[in-house]
Each structure stands twice: as structure tokens, then as C-alpha cells.
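Down below is the structure, laid out as C-alpha cells.
All values reported here derive from a predicted model rather than from experimental measurement. Proteins come first, then strands; the chains are lettered A, B, ... in the order of their sequence lines, and each starts at number 1. Any value given below was found using the heavy atoms of this structure, including those in side chains, with hydrogens, waters and symmetry copies removed.
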There are 2 protein chains.
Amino acid sequence: MAHDRPLADRAAQPRRRARVTAADVAKTAGVSRSAVSRAFTPGAYLDEDKRQRVLKTAMDLGYRPNALAASLQGAATDLVGVVVGGLSNPYDSEWLAALVSALNASGKWPIVLGGQAEGLDESVTSILSYPLDALIVRGGSLGEALIDNCTKLNIPVIFSGRVISHPAIDCVACRNHMGMVQAVTLLLESGRRRIGYIGGPPTLSSEKERLAGVVERLAKAGLTPAAQVTSDYSFDGGKSAMRALLQDASPDAVVCANDAMALGALSFARNTCNLTVPDDLAIIGFDDIAMADWAEFDLTTVRNPLEETVNEVLRLLEDRLANPQKPGEVVMVEPMLVKRGTH
Amino acid sequence: MAHDRPLADRAAQPRRRARVTAADVAKTAGVSRSAVSRAFTPGAYLDEDKRQRVLKTAMDLGYRPNALAASLQGAATDLVGVVVGGLSNPYDSEWLAALVSALNASGKWPIVLGGQAEGLDESVTSILSYPLDALIVRGGSLGEALIDNCTKLNIPVIFSGRVISHPAIDCVACRNHMGMVQAVTLLLESGRRRIGYIGGPPTLSSEKERLAGVVERLAKAGLTPAAQVTSDYSFDGGKSAMRALLQDASPDAVVCANDAMALGALSFARNTCNLTVPDDLAIIGFDDIAMADWAEFDLTTVRNPLEETVNEVLRLLEDRLANPQKPGEVVMVEPMLVKRGTH
DNA sequence: CAGTTATGTGAACACGCGTGCATATTTCGA
DNA sequence: TCGAAATATGCACGCGTGTTCACATAACTG
């Protein structure tokens, strides 16, 4: 129980001294509170001497305007919610790092939710108590309810990695289907015929699209997947998936729904099964995370352009803030096949 | 310029409709605004029928109390600043993911700053405009000025990965020196004598301590580092550092200040120089990131216990919030040598 | 010098909320 | 039936800001 402490005790505990306020500065500097406010407002009428005196006093006292109180007047809070699912997928981490960096650079402050799958809905609900300028959501399975909530609260939502068909929602996503078609085509052209697939969580829209891309391209060649396993987008998940796959079938190629699983699969195939890649078995991933380019892996993969995605998210954000009424925009980002050493 | 748009234009742009407020709910439900407030306050006197009616109306309108306005009354904001330096170091990413997850689980909402080194000070200054419950800082070189600012604003600061000698600041850090002593001892015991060192940015306190640990343990054996290179804690940095190191000297072992560089060094030694690890050359890292355990690397390293660190940070946070006046606490976390295949 | 404009300035208000206070209504005991 | 205790409710205040408004002073103009 968090509330089992006696009330008297809690009352006795000295209430944290509030932070220094504009009124404090005013009193110390011997000016009106209005003057303090004006001292921090560029372009406001205020005697230059007095302004300097106020700023000096403010500095001494460590005062700075409370952004939250200011936001009550209608100012933007510059607070942006960022929701990212389980961070076990390295691509999510790279996305988060890039996004945080970009947001900071343009003076937005991200409140980050993520890491844990369970309780995420609840966390998002809590975070909506804050007057966010916007909410940025990375793929995942967060549903329509979220959109409704945000709409009612006038908080714009931007999806990254997932297309939402909603008239007022912005989103940027990769052409997953096309990317997988490119990957499978490459394998077919180099003579592979028994092609397996390691997928991610089936609820994710990215997974559905990638799976569809693989299946449809194979069908066009008169083939079906030699084997198919579902996993969790993680390195370890890729390893176990590969184990299962090799028990069921003996494919000559495996397409993985993301790089983390592809690396796990590659590692298992090489180190545990003593297979030679790509001679015995080709492996292709999706995302092009930094590790894919490391010499140990040299993974052939489909690039899911990170920088472009983040740039588009920021553009959508700024456009939306400039014009809240504009219709929702869907930005598609082009994948690119990166040929390395595993195909 | 962000301000080059004509003022008239900005005024013409329809001011974003404010979010639904308690007064709106009150009017719609036909009750007083106080009743709405009480409906959301557990334990407040309010007719149960009326409470239900208010909650129903609130749900329909998508109302929820504005946490920021509430915080003006003295309530905690549950907002916590999190500052992490360049995220090119995978350990930082792991730390961030774990911390965010833990904070979310206990109802704190992290405002994350990081990714970019330049402008970080400025960002931190900006973020202090918000009434944060606390500020959590990951290592780095953020200085005394920050502490002064936060003290004046009554915002507690918690350092992770760095010891600060300040009477009212909490911090949790790893015994870097001890960890390196363990690493070097292992190498010496297996007969290595020409031991090189790849360090991180010299301004970081963790780097200073790790370097000192290596140098002092070597000195105790009557040795000095066979070679010494400074890099940037990244994988690529580790590669170039290894190149430089092998030009200057031919060590029989290399200690790296973190795992990312160790993996880069390992990769370069194996793939570019055709060295056999550990026969030709031993390599030891620091941190024990997830990748260190992957079969491709199987890196011997010093574990910098992540979970324990994050748990301690959260404990310090909660203790500090419960008792703002308590003296600062320094928690030291024990490193542990993890013997794998590269020594 | 009178009249107009530019420049400073403080009081007062609004923002959205929780809560103390005074009052209104109901419940209970005798 | 009456008083007291318990329950329910609206008004008003304050939290820390930015900004409008009315007003005071200074600086020009003719």
C-alpha cells in the first residue's frame, strides 16, 4: 500500500518549498510582477535599466518562468508524447534515438512511453492528462480508441510505421509489401526455390504487410513458403525461430521480417548448425539496422529509411501545429534493397 | 527565421479550439464545476448518482483533468527529466529503455533529452522551465552549473554512472576502477604482458576511472600500457582505434573502455587483420551489453549491472520525493567479470 | 506653450483546477 | 417533533503566468 502512512506524518513532512516565482523576483528587485513578466517577453515595453535589473535578480534567485503556468494562457507546451512498443527491436531504439534528437533540435520535448507492452494503453491514457502538442506513435497495435480520445482532446496524432485510414490523422510508413517483393525477387533470381519466412507478431500491421509481400511474390512464381514461423522481432526470437524452421523443412533461403531476427537466425544457422551462408542458405532481413553492416554479419536486407522517416514525422508535426485543421496526410517511404553477403 | 510570417496571418489562423474543460462538463451535465472536480477526486463528498452522471458526461465529451493546471495547486507533476548523452553507445540505449520502462511502471513520465551532444546544455536549460519532479542524468560531462540551477529551482538531481560529491545530490555509479582491475588481472594471470588500452572521451568521469584502473593495475605488475588510443565509445570508433593501436605496437591484449568499442576492435582484428582471438590477441570490454553474449562475439567483459543500476535510480527517486530534505546518497554498484571467449 | 504621440507602468483579469468555507439538505436519535 | 450530526453542494479563492486596459510620464511637433 502506498497510502499506509499516517496522515499526521504526511502533514508533518515539510511541504517542499515551492520554486521561486515571478512575484518573488518582483519583490526582491523592487518592481511590479508585471515588470518581471515583461522582462522575459521580447518586444514588451520596459525600461532597459529595469529589465536588466530584473534579469539580474532572476539569475541570482534562479528564477525562470514556469512553462506550465504559461501554457494555461494558451501557449503551446512544446510537449510531445512519444509511444514506442517493446524496445527489444533495435530498429525501435534507433528510431527513438533519432526522433528524440530531432525533436530536441527543434525545441520539442518528448515524453516517452515504451519498453513494456503490458500497461501501455493505460500509460497512454495517463499521459493524455497533460496538454500535449501532439502524440507520435510508433507502429504497434494501439487502436482506434486512442485516436478517438486524442481527437476529443484536440491532440493531433502522428503514426510512424503504420498507415491509418482516418481523415485527420497523419502517418508515415514504409512500403513493406514492396520491400519484401524486392527481397524475394532477388532470391528467386539467384535460383532459390525453397524459401522460408520468419515473421514477427501477427497483430502488427507491418508484419501483415511484409508477410503478404513474401507470399504474393512467391505465388507469382508458382511457389508457397517452404516453411513459416512466427516470432517476436528479437535476436533471440530469431534464433529459436530458425531452429524451428530447420526442423520442419530444409529451405535454401529464409526471409525475416526484421533484421534483429535475421541476425539471430544467421547466428544460429552458422554457429549451431554449421551451415554456410549464403552457400547452404541465404538470409535476408528488413530494416537495415546499424549491425547489419558489421563485418560479422554483412547482412543483405531491405532498408527501412530511418532518417527520412524521422524527417517526415517532424515535417508532419510542424505542418500540423501550423495548421491544425489541415486534412490528414499519408507519406509513404520507399524501401531499398541493400545487397550484402548473405544472399 | 521562424518569425518571418506576417503577424496578421498568424492572427487569422484560427486559434486551436481549447480542450474540453471541467466547466464544459459541468454545463453539459447540469451540475456545478465543483461537482465535476469532486467526481474525479476519490473520497470527496458527492452523491453517487451525480458522480456517475458526471463521469458519463466526461467520457462522452472526452474530458480529463488537465494535469498541469492541477499541478499549480501543488500536486506533483510526475514529470521527470532524463538526460542521456550521445546514444551511439548501445549501453546508453539499453539504460534508457530500462529506465523509461521502470519509470512508466511507477507512474512517472520521462521527458527525454539526448542523442545530440551539442546544444545539450541549452536543452537542459529549456527543460527546467517545466516543474519537473526530478532530473535524472546519465554520466556525461554536465557540470556544476546544472546542479546550481536545479537546486535553486528545487528540482532534485540524480546522477547515474557518475559520482558527484555534493551534499544533497543522489547518485549511483559502478566501481569502474575495480572492474578494470579485475579485467587486467585476468589478462596478467593468463600471461599477457603487452596490454593496450582503447579509451573513451577523456572528459567523461567513467573514462577517467577506467583508465586509472588499467594503468594502476599494470603499474602494480611493473608494467605500463603497451599502447593507448582514445576514441568515442562507438563501434566504428573501436575499429579505427584498433587500426591505430596495431600500427603503433603489437599488443597481446587490448582492454576497451566499453563493449561497443571492444566489438569494433574485435571485428577489425579478426576480419581486417586476420588475427585469431584470443590466441593472437585477447580483447576485453566493459558493460556487458546484449551483443557481447552473441555467438559471433562471445566477448569477455566486465558487467556494468544495468538492472540493479536502474532499480537503484528509481529507489533514490522515490526516497527523494518522499523526503526532499534527506542528505544525498551515493550508491556504488559492483562490477562483475564475465569470462567468455576473447581472453 | 498646448497638443499629440511614443513610451512605461501597475492593477486586474483569465487560464483550469482543487479545496476551504459556509450553507442547504437529509438522516438519525431521543 | 426538535436538535444535532452527517451528508451534499455552490461560491470563492489561489496556484503562476501573459496580456489587456487605463493611466502616467516623457518626448516630440507646430
Q: Find the distance Phe40(B):CZ to dT19(C):P and express it as a whole number of Å.
A: 14 Å

Q) Below 4.5 Å, heavy atoms only, C-beta onward: do Lys50(B) and Arg53(B) meet side chain to side chain? A) yes

Q: Measure across Val80(A) and Ile136(A) and return the closest heavy-atom pair with its distance rounded to 0.1 Å.
A: CG1-CD1, 3.8 Å

Q: Using whole Å, report how far CG of Asn66(A) lies from P of dC15(C).
A: 18 Å

**Q.** CA sep, side-chain torsions, deciding dist, call: Tyr130(B), Tyr130(A), ring-ring contact (aromatic ring centres under 6.0 Å, His included)
**A.** CA-CA 12 Å; Tyr130(B) 299 85; Tyr130(A) 299 84; over 10 Å; no

Q. How is Thr41(B) classified with respect to the nucleic acid when contacts are heavy atoms under 4.0 Å: base, sugar-phosphate, or nothing?
A. sugar-phosphate

Q) Base, sugar-phosphate, or nothing: which does Thr21(A) touch, judged by heavy atoms less than 4.0 Å apart? A) sugar-phosphate

Q | Results of salt bridge (Lys or Arg N to Asp or Glu O under 4.0 Å) for Glu312(A) - residues two or more places apart only | A | Arg315(A)

Q: Could you tell me the separation between the CG atom of Leu68(B) and the P atom of dG16(D), rounded to a whole number of Å?
A: 14 Å

Q | Whole-Å distance separating the CG atom of Asn154(A) from the C1' atom of dG16(C) | A | 15 Å

Q) To the nearest Å, how far apart are Lys27(A) NZ and dG16(D) C1'? A) 15 Å

**Q.** side-chain hydrogen bond (donor to acceptor under 3.5 Å, both in side chains) between Trp95(B) and Thr309(B), intermediate numbers included
**A.** CA-CA 9 Å; Trp95(B) 177 85; Thr309(B) 300; over 6 Å; no

Q | Sidechain N-carboxylate O distance under 4.0 Å for Lys326(A), Asp319(A) | A | no

**Q.** Gap between atoms OH and P, on Tyr63(A) and dG16(D) respectively (whole Å)
**A.** 10 Å

For nucleotides 7-10 of chain D, tabulate all protein N/O to nucleotide N/O atom pairs closer than 3.5 Å, reporting atom names and distance.
from: dT9(D); atom 1: OP1; to: Lys50(B); atom 2: NZ; distance (Å): 3.0
from: dT9(D); atom 1: OP2; to: Asp47(B); atom 2: N; distance (Å): 3.0
from: dT9(D); atom 1: O5'; to: Lys50(B); atom 2: NZ; distance (Å): 3.4
from: dG10(D); atom 1: OP2; to: Ser32(B); atom 2: OG; distance (Å): 2.6
from: dG10(D); atom 1: N7; to: Arg38(B); atom 2: NH2; distance (Å): 2.9
from: dG10(D); atom 1: O6; to: Arg38(B); atom 2: NH2; distance (Å): 3.0

